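Taking it in order: structure first as C-alpha cells, then the write-up.
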Amino acid sequence: MKQKIFFAPLQGYTDYCYRNAFDEIFGGVSSYYTPFLRVERGAARNRDVYGIKKENNKVENLVPQIMAGNSEEFDFLMGVLKENGYTSVDINMGCPYPLIVNRQKGAGILSSPEKVEELLANTQRYPEVEFSVKMRLGMSQPDDCLSLLPLLEKYGVKQVTMHARLGVQQYRGEVDMEAFAAFYEKCSLPLVYNGDLQTVEDIEKIADQFPKLSGVMIGRGLLAHPELAMEYQSGKKLTDSERMSLYSRLHSVMYTHYQERLNGGEPQILDKMKEFWEYFYPELDKKRRKAIKKATSISKYESAVIF
C-alpha cells in the first residue's frame, strides 16, 4: 500500500499560491502544512493570516502550523485559527534556526521536558481540535524524543512527524536512522517520517523499512522535484518533455502571481523568483542558474530562464 505524502512547511517557499499551483499541476499530496504562525509584537503577521484564509487556499486538506512560547501566545494563535474555521492544528517543536531556538521555541524546547509539557498542556483547552506535532530527535541528544514520548501520549496528539535530525544539525549532515528506528519501535501514536526524501526510491525504502508509518513528510524534495509525489503515487515516471512542460506551468503561475501581487517593483519580484529557484530543478545548467541568480532586471531574468 502506498504511503500518504504530506507537504512540509517551508517559510518563504510554500505559501498559499505555491500550494494551490502545486496541487493543481502535480498533486499526489494528501495534506499540506502551512509555515508556522507566530506572535510578533502582540499579533500574528498579516501575511501569515492571509495565507491561511480558506478563500485563498484551494487544496483539499490544509493544516496550519503554530509556534508558541507560552500560553498567551498559544491562545492568541488558536483564536486566529478558530476564527478561520480550523479544527486540525500542527505544533512546531522542530524549527532549528538559532533565532527561534534561543527563544526556547521550536527545537529549542526538546531538551526540556517541563517546557514541552507546558506547551502540550495548552491543547487540553481545545477538545474540539486535533493537534499534531512536528519535531526532531532532540536538540543535541538523539534520545530526547524518547523521554518526550510519554508526554506526547499523555496529551493524545493526533500524529507525530519526526524529522530524523538533531536541532543543532539544522539541515546539515546525515539523518539518524538508528535513532528514528528506536523511536518508531516505541511510539504508539501515528508516526510520519521526515528527512532527505529526494526520489521515489527513497520513499519506497522508508516505506519498506517502517511499514507501520502513517505517511512521509517531504519538503525540500518536493520543492526540488515537484513531480515526486505524483510519480510515487501513480507508479509512472514522467518523460523529460512531460516533466519540463509541468515545470514550465508551475513557473508561469508563480511568476504571474508575484508580478500581480507584489507592489515593490522589479527588485521584489526578482527576489521572490530567485527564492523559487533556490531548490527547484537542481539539475539546471550551472551557468543558467548563475545567470538567474545574478539577474538585475526582469528582462535579464526572463533571458536566463529556460522556459
Side-chain angles (χ1 to χ4, degrees), residues 6-15 18 32-40 44-45 48 51 63-70 73-74 77 89-120 131-149 151-152 157 159-184 187 191-198 202 206 215-224 275 278-279 282:
F6 306 111
F7 206 142
L10 285 92
Q11 291 282 345
Y13 300 95
T14 58
D15 59 18
Y18 186 90
Y32 295 79
Y33 287 66
T34 74
F36 58 77
L37 278 74
R38 64 182 183 269
V39 176
E40 287 188 353
R45 295 186 301 181
D48 292 342
V63 182
Q65 188 182 83
I66 62 172
M67 177 179 287
N70 53 50
E73 290 184 354
F74 193 97
L77 295 172
V89 176
D90 193 57
I91 299 172
N92 185 304
M93 297 198 318
C95 181
Y97 291 116
L99 184 64
I100 299 295
V101 168
N102 291 340
R103 293 176 178 172
Q104 300 220 301
K105 297 181 181 181
I109 68 171
L110 294 177
S111 57
S112 303
E114 68 280 4
K115 292 188 180 298
V116 171
E117 178 153 30
E118 182 181 340
L119 178 61
L120 293 179
F131 288 95
S132 57
V133 168
K134 188 173 189 294
M135 61 185 292
R136 289 181 173 236
L137 297 168
M139 185 58 206
S140 58
Q141 300 296 325
D143 58 353
D144 280 348
C145 56
L146 294 176
S147 65
L148 298 177
L149 187 51
L151 294 176
L152 298 170
V157 299
Q159 178 175 284
V160 178
T161 299
M162 179 63 73
H163 184 124
R165 279 189 175 86
L166 297 172
V168 293
Q169 288 180 269
Q170 296 191 28
Y171 295 96
R172 301 183 297 268
E174 299 294 325
V175 291
D176 188 340
M177 296 311 301
E178 184 176 342
F180 178 82
F183 186 83
Y184 169 86
C187 183
L191 180 61
V192 173
Y193 173 85
N194 176 224
D196 287 6
L197 298 178
Q198 297 284 341
D202 290 340
I206 289 293
V216 297
M217 182 174 281
I218 309 175
R220 292 173 295 164
L222 284 172
L223 288 176
E275 193 174 68
E278 186 170 338
Y279 292 111

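Worth saying up front: this structure is predicted, and the values here are computed from it rather than measured.
Relative to the six-membered ring of F36, R45 misses at least one condition, a distance below 6.0 Å or an angle of at most 45° to the axis.
In this structure the side chain of F74 reaches within 4.5 angstrom of the side chain of I91, judged on heavy atoms. At a threshold of 4.5 Å between non-hydrogen side-chain atoms, the residues Y18 and Y32 do not count as touching. At a threshold of 4.5 Å between non-hydrogen side-chain atoms, the residues P113 and L151 count as touching. A 4.5 Å side-chain heavy-atom check between L10 and P35 finds every atom pair outside the cut-off.
Taking the six-membered ring for Trp and the full ring otherwise, Y33 and F7 have centroids separated by 6.0 Å or more. Between Y279 and Y13, the gap from one ring centroid to the other is short of 6.0 Å.
Rounding to the nearest 0.5 Å gives a distance of 5.5 Å between CG of L110 and CE of M135. Between M162 atom CE and D176 atom CG the span is 11.0 Å, to the nearest 0.5 Å.
Surrounding CD of E178 are at most 12 heavy atoms belonging to other residues, nucleotides or ligands under 6.0 Å away. By the neighbour-count criterion of 12 heavy atoms within 6.0 Å, atom CD of E40 is densely surrounded, having more than that number from other residues, nucleotides or ligands.
Below 30°, between 30° and 60°, or above 60°: for H163 and Y171 the angle between ring planes is above 60°, a perpendicular geometry.
Checked by atom type and distance alone, the side chain of R38 never pairs as donor or acceptor with a backbone atom of M67 at under 3.5 Å. R136 contributes no side-chain N or O that, together with a main-chain N or O of P142, makes up a donor-acceptor pair within less than 3.5 Å. Side chain of T14 to backbone of P9: no donor-acceptor contact under 3.5 angstrom is found.
Applying the side chain to side chain contact (heavy atoms under 4.5 Å, CB included) test between L148 and each of V160, I109, V116 identifies V116 as the sole match.
One finds no salt bridge joining R220 and E278 here, because no Lys/Arg side-chain nitrogen approaches an Asp/Glu carboxylate oxygen to under 4.0 Å. Between R165 and D196, at least one side-chain nitrogen of the basic residue sits less than 4.0 Å from a carboxylate oxygen of the acidic one, meeting the salt-bridge criterion.
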